[in-house]
Participant: 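Let me give you the structure first, and then I'll get to my questions.
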Amino acid sequence: MLYAILCYHSEEIVTGWTKEEDDAVMARLHGVHEKLARNGQLGPTARLRPTEAATTLLKNSGRVIDGPYAETKEQLLGFYIIDVADREAALDVARDLTRANPGGAYELRPISLFLPGTLPEATETV
């Protein structure tokens, strides 16, 4: 089953890391990435640019605003797409990521994959 793991953290804290601190976190995360890749469970991952680079389209009004729409304490800083057996396996991956990069939160969501010319995969309801 495919899961998205959304990575939330205080952007102020993360952008305040020294290059050495950032490199150390990324090296620890690389260890988790390698484990997932060996098991054929790692899909696309992304580290998002700072929220100041974001643009939001408000669906109801069609208005475009600079920055993220949500005013939150922590910001969405990146995501993983993983292919694991179930929710517990996805939680295990999130726990590994937490050990590599403490702080913030990881939100797990089952996803449906949409590819051009195909119907979406069926998803399990929770």
Side-chain angles (χ1 to χ4, degrees):
M1 176 167 223
L2 293 174
Y3 278 86
I5 299 180
L6 307 176
C7 310
Y8 291 90
H9 206 305
S10 166
E11 189 172 75
E12 186 177 331
I13 290 171
V14 172
T15 58
W17 289 340
T18 65
K19 180 176 180 347
E20 293 76 20
E21 289 168 325
D22 189 66
D23 288 349
V25 168
M26 294 309 292
R28 291 190 304 268
L29 289 171
H30 182 72
V32 178
H33 301 169
E34 288 295 308
K35 176 181 163 187
L36 291 168
R38 278 193 306 274
N39 295 333
Q41 297 173 307
L42 184 62
T45 65
R47 187 175 193 185
L48 301 177
R49 301 295 310 237
T51 54
E52 65 191 25
T55 300
T56 300
L57 170 66
L58 302 178
K59 295 190 288 186
N60 291 337
S61 68
R63 221 173 88 216
V64 176
I65 58 174
D66 290 336
Y69 179 65
E71 292 294 327
T72 60
K73 187 174 182 179
E74 295 175 334
Q75 292 76 38
L76 175 63
L77 300 184
F79 64 88
Y80 294 83
I81 303 298
I82 58 171
D83 189 0
V84 294
D86 55 28
R87 180 177 171 269
E88 282 306 311
L91 281 168
D92 287 341
V93 172
R95 288 180 185 107
D96 285 344
L97 292 169
T98 298
R99 283 188 287 278
N101 184 12
Y106 288 104
E107 178 182 342
L108 284 68
R109 291 204 194 166
I111 62 171
S112 297
L113 182 61
F114 296 92
L115 298 172
T118 65
L119 294 175
E121 293 180 9
T123 57
E124 180 180 306
T125 56
V126 179

Participant: Just jot down the side-chain contact (heavy atoms from CB on, under 4.5 Å) partners of Gln41, sequence neighbours excluded, or say none.
Facilitator: Leu36, Asn39, Val84
Participant: Measuring from atom CE of Met26 to atom CG of Asp23, what distance do you get when rounded to the nearest 0.5 angstrom?
Facilitator: 9.0 Å
Participant: So Asp86 and Met1, side chain to side chain contact (heavy atoms under 4.5 Å, CB included) or not? Walk me through it.
Facilitator: CA-CA 6 Å; Asp86 55 28; Met1 176 167 223; over 6 Å; no
Participant: Please tabulate, for the side chains in residues 98-106, all donor-acceptor contacts under 3.5 angstrom to protein atoms that are two or more places apart in sequence or on a different chain.
Facilitator:
from	atom 1	to	atom 2	distance (Å)
Thr98	OG1	Ala94	O	2.9
Arg99	NH2	Asp96	OD1	2.4

Participant: I'd like to know if the side chain of Gln75 reaches the main chain of Glu11, judged simply by a donor and an acceptor atom lying under 3.5 Å from each other, with no hydrogens or angles considered.
Facilitator: yes
Participant: Kindly compute the distance separating CD (Glu52) from OG1 (Thr15), expressed to the nearest 0.5 Å.
Facilitator: 8.5 Å
Participant: List the residues meeting side-chain hydrogen bond (donor to acceptor under 3.5 Å, both in side chains) with Arg28, not counting sequence neighbours, and say none if there are none.
Facilitator: none
Participant: Inspect the contact between Lys19 and Glu21 and indicate whether a charged nitrogen and a carboxylate oxygen are less than 4.0 angstrom apart.
Facilitator: no
Participant: Out of curiosity, Glu12 CD to Thr51 OG1, how far, rounded to the nearest 0.5 Å?
Facilitator: 11.0 Å
Participant: Could you give the distance from CD1 (Ile5) to CD1 (Ile82), rounded to the nearest 0.5 Å?
Facilitator: 3.5 Å
Participant: Would you say Val64 and Thr55 make side-chain contact, with heavy atoms under 4.5 Å?
Facilitator: yes
Participant: Between Tyr3 (side chain only) and Ile111 (backbone N and O only), is there a donor and an acceptor less than 3.5 Å apart?
Facilitator: no
Participant: Would you check, one step at a time, whether the test side chain to side chain contact (heavy atoms under 4.5 Å, CB included) holds for Val32 with Leu97?
Facilitator: CA-CA 7 Å; Val32 178; Leu97 292 169; 3.6 Å; yes
Participant: Can you name the residues that form a side-chain hydrogen bond (donor to acceptor under 3.5 Å, both in side chains) with Asp83, not counting sequence neighbours?
Facilitator: none
Participant: Give, for atom CD of Glu107 and atom CZ of Phe79, the distance between the pair rounded to the nearest 0.5 Å.
Facilitator: 13.5 Å
Participant: Suppose we screen for side-chain contact (heavy atoms from CB on, under 4.5 Å). Which residues come up paired with Glu20, at least two apart in sequence or across chains?
Facilitator: Thr18
Participant: With side chain to side chain contact (heavy atoms under 4.5 Å, CB included) as the test, would you mind laying out the steps for Thr45 and Ile81 before giving the verdict?
Facilitator: CA-CA 6 Å; Thr45 65; Ile81 303 298; over 6 Å; no
Participant: Determine whether Arg47 and Asp22 satisfy the following criterion, salt bridge (charged side-chain N to carboxylate O under 4.0 Å, His left out), listing intermediate values before the conclusion.
Facilitator: CA-CA 12 Å; Arg47 187 175 193 185; Asp22 189 66; 2.6 Å; yes
Participant: Can you name the residues that form a side-chain hydrogen bond (donor to acceptor under 3.5 Å, both in side chains) with Arg63, not counting sequence neighbours?
Facilitator: none
